[in-house]
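Ligands are counted one by one from 1 in listed order, and the atoms in each one are counted from 1 as well. Worth knowing before you read on, the calculation uses all heavy atoms, side chains too, and leaves out hydrogens, waters and symmetry mates.
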Amino acid sequence: MKLHEPRPNELPLVVCPDGTILKCPTERELARRLRLYIELSADRVYDVAIVGAGPAGLACAVYAASEGLSVLVLDTHAFGGQAGASARIENYLGFPTGISGQALAGRAYVQAQKFGAEMVVPVEVTSLDCTCFPYALKLDCGVRISAKTVVIATGAKYRRPAIPELEKYEGRGIYYWVPPIEAALCGQEEVILVGGGNAAGQAIVFLANYAAHVHHLIRGPDLAKSMSKYLIDRIGALANVTLHPESEIVAIDGGEEGVSNVHLRNRKSGSMQTKSIRRIFLFVGADPNTGWLDNCGVKINDKGFVCTGLDLSPADYARLAYSTDDHYPLPLETSVPGVFAIGDARASSTKRVAAAVGEGAAAVAEVHTRLASQKTIKMA
Ligand SMILES: Cc1cc2nc3c(=O)[nH]c(=O)nc-3n(C[C@H](O)[C@H](O)[C@H](O)COP(=O)(O)OP(=O)(O)OC[C@H]3O[C@@H](n4cnc5c(N)ncnc54)[C@H](O)[C@@H]3O)c2cc1C
């Protein structure tokens, strides 16, 4: 006997633990049912509002809530951020055989909840208002949230070159870093690495230890402008690396098993070639998720990352004064006192899970400092 006979427009069908059936629910309806989305009150003032539930935001939530602060965490998509997309994180301390990003994030989510952090997914923070105190966050659901301090943990999005069906192969032949396990599996294979920056250079030096051959694709004529000389020299000395200047991937063939062939084009001559390749490593940069901070007074650098601490001058940090001798930002504090930035969204940060987690923990000490000095707050 068929229990449910959904029409095509009612799919996907969700059968909830209590037997309720949701037909083609929106993400928010589903999240509400799973208690990931809770109704927010505009009347409450949180000690700290954390925007982004990637590793940085989750770590900040765990430490802030465990130290007795009232904490709200908001995320547009899901907890875990970019790390949540990683099939196996192998360089995170304490997990010698690796852990999936989802498993790590799931544990952190439960841990933050255990200490009393309120977490709401999916909800997008569309703007931050620093002209009032407490600060106000505008959400896409129409609610305005108030908080005495704000932590920006909105991370970054790895750039995806415009290659048809790229997403289909992510984690199955397309990688945005070099997972050691994939490097070890490259043994007898030729691989492609795309990108001309230092991160690409370091990855090539590492990959060349494993792969039979590394084809290094760059869009420009050479590496001189984008890579440090020492890396160019080291790569130049590697017999199993070939530089393909002015080259790009135009198409990928493959199937359920992943990538099988890659079609390359020389941008200058227009000539095409096809290579039998199973692994492609893309190092074409990342764009920070900081558009929501436009015109709020938080200083952003020319690449869109949030400036903090020593990246700021006293003049950048003059809008609000807590006390007469408080002219410098704390190391993770932005140009707006009491607004902090951590993880991949922060300029000069190390783009790693452990670094994001460390900054999340460190920011809480600074939040305490600001909450204490806010007792003497006066608007400039
Ligand atoms: C495929 C992949 C594999 C990786 N593997 C490793 C690895 O093995 N080891 C390692 O050390 N590093 C790895 N990295 C890098 C690592 O994942 C990042 O350095 C880390 O996730 C950064 O954490 P974060 O919290 O700063 O930002 P993110 O992880 O980017 O999280 C930011 C969160 O903010 C949310 N957000 C953005 N804008 C808004 C908004 N306006 N309102 C509300 N929420 C918002 C996003 O939805 C996201 O959940 C990997 C990255 C990728 C892409």
Item checked: Heteroatom distance test (Val353, ligand 1): nitrogen or oxygen, under 3.5 angstrom -> yes

Checklist line | Distance-minimising heavy-atom pair for Gly195 and Ile218 | finding: O-CG2, 3.6 Å

Next item on the list: Below 4.0 angstrom from a heavy atom of Asn91, which ligand 1 atoms are there? Numbered from 1 as shown, please.
Entry: 7 (C), 8 (O), 9 (N), 10 (C), 11 (O)

Note to self: Would Ala345 count as being in polar contact with ligand 1, using the rule that some N or O on each side must be under 3.5 angstrom apart?
What the structure shows: no

Item checked: Minimum-distance protein heavy atom relative to atom 8 (O) of ligand 1 -> Trp177 CZ2, 2.8 Å

Notebook entry, point to check: Do the side-chain N and O atoms of Arg44 and Ser41 include a donor-acceptor pair separated by under 3.5 angstrom?
Noted result: no

Margin query: Is there a polar contact between ligand 1 and Asn289, counting only N or O atoms under 3.5 Å apart?
Written below: no

Notebook entry, point to check: At a 4.0 Å cut-off, with the gap strictly under it, does some heavy atom of Val123 reach an atom of ligand 1?
Noted result: yes

Check: What residues, two or more places apart in sequence or in another chain, satisfy side chain to side chain contact (heavy atoms under 4.5 Å, CB included) together with Tyr63?
Finding: Glu67, Ala361, Val364

Next item on the list: Evaluate the ring planes of Tyr92 and Phe95, with Trp represented by its six-membered ring, and classify them as parallel (under 30°), tilted (30 to 60°) or perpendicular (over 60°).
Entry: parallel

Notebook entry, point to check: In terms of side-chain heavy atoms, does Ser228 have a donor or acceptor partner in Asn198 at a distance below 3.5 Å?
Noted result: yes

Check: Starting from atom 47 (O) of ligand 1, which protein heavy atom do you reach first, and at what distance in Å?
Finding: Asp75 OD1, 2.7 Å

Notebook entry, point to check: For the hydrophobic clusters of this structure (ILVMFWY residues joined by side-chain heavy atoms under 4.5 Å, transitively), does one cluster hold both Ile277 and Tyr176?
Noted result: yes

Item checked: Nitrogen or oxygen atoms of Ala56 and ligand 1 under 3.5 Å apart -> yes

Item checked: Interfacing atoms of ligand 1 (cut-off 4.0 Å, heavy-atom, Leu74) -> 43 (C), 44 (N)

Check: Just by distance, with hydrogens left out, do Asp47 and Thr149 show a side-chain donor and acceptor under 3.5 Å apart?
Finding: no

Notebook entry, point to check: Any N/O of Tyr176 closer than 3.5 Å to an N/O of ligand 1?
Noted result: no

Note to self: Could you check whether any heavy atom of Ala78 sits closer than 4.0 Å to an atom of ligand 1, since that is the contact criterion I want to use?
What the structure shows: yes

Check: Mind checking whether Asp344 has an N or O less than 3.5 Å away from an N or O of ligand 1?
Finding: yes

Notebook entry, point to check: Protein heavy-atom contact under 4.0 Å for atom 41 (N) of ligand 1?
Noted result: yes

Check: Can a protein heavy atom be found under 4.0 Å away from atom 50 (C) of ligand 1?
Finding: no

Margin query: Quick one about Asp253 and His263 (side-chain donor to acceptor, distance below 3.5 Å, no hydrogens or angles considered), yes or no?
Written below: yes

Note to self: Less than 3.5 Å apart, any donor N or O on the side chain of Thr334 or Arg346 sitting next to an acceptor on the other?
What the structure shows: no

Checklist line | Nearest neighbour in protein (non-hydrogen) for atom 45 (C) of ligand 1 | finding: Thr76 OG1, 3.0 Å

Note to self: Could you tell me if Lys351 sits above the aromatic ring of Phe305, with its cationic atom closer than 6.0 Å to the ring centre and no more than 45 degrees from the axis?
What the structure shows: yes

Notebook entry, point to check: When clusters are formed by joining ILVMFWY residues with side-chain heavy atoms under 4.5 Å apart, either directly or through shared neighbours, do Val150 and Ile145 land in the same one?
Noted result: yes

Checklist line | Selection residues 119-137 - residue pairs positive for salt bridge (Lys or Arg N to Asp or Glu O under 4.0 Å), sequence neighbours left out | finding: Asp129-Arg144

Check: Would you say the side chains of Tyr46 and Glu118 form a donor-acceptor pair under 3.5 Å?
Finding: yes

Next item on the list: Below 4.0 angstrom from a heavy atom of Val51, which ligand 1 atoms are there? Numbered from 1 as shown, please.
Entry: 42 (N), 43 (C)

Note to self: Does any N or O of ligand 1 fall below 3.5 Å from an N or O anywhere on Val125, backbone included?
What the structure shows: yes

Next item on the list: Using a strict cut-off of 4.0 Å, indicate which atoms of ligand 1 neighbour a heavy atom of Gly155.
Entry: 27 (O), 28 (P), 30 (O), 32 (C)

Margin query: Show the atoms of ligand 1 that are less than 4.0 angstrom away from any heavy atom in His77.
Written below: 47 (O)

Next item on the list: From the options Gly52, Ala156, Ala153, select the one whose nearest heavy atom is closest to atom 32 (C) of ligand 1.
Entry: Ala153

Item checked: Atoms in ligand 1 flagged as close to Tyr158, the criterion being non-hydrogen separation under 4.0 Å -> 53 (C)

Check: Can you list the atoms of ligand 1 that are under 4.0 Å from a heavy atom of Trp292?
Finding: 41 (N)

Check: Among protein heavy atoms, which sits nearest to atom 23 (O) of ligand 1, and what does the distance come to when rounded to 0.1 Å?
Finding: Pro55 CD, 3.3 Å

Checklist line | Contacting atoms of ligand 1, where contact means under 4.0 angstrom from a heavy atom of Ala356 | finding: 23 (O)

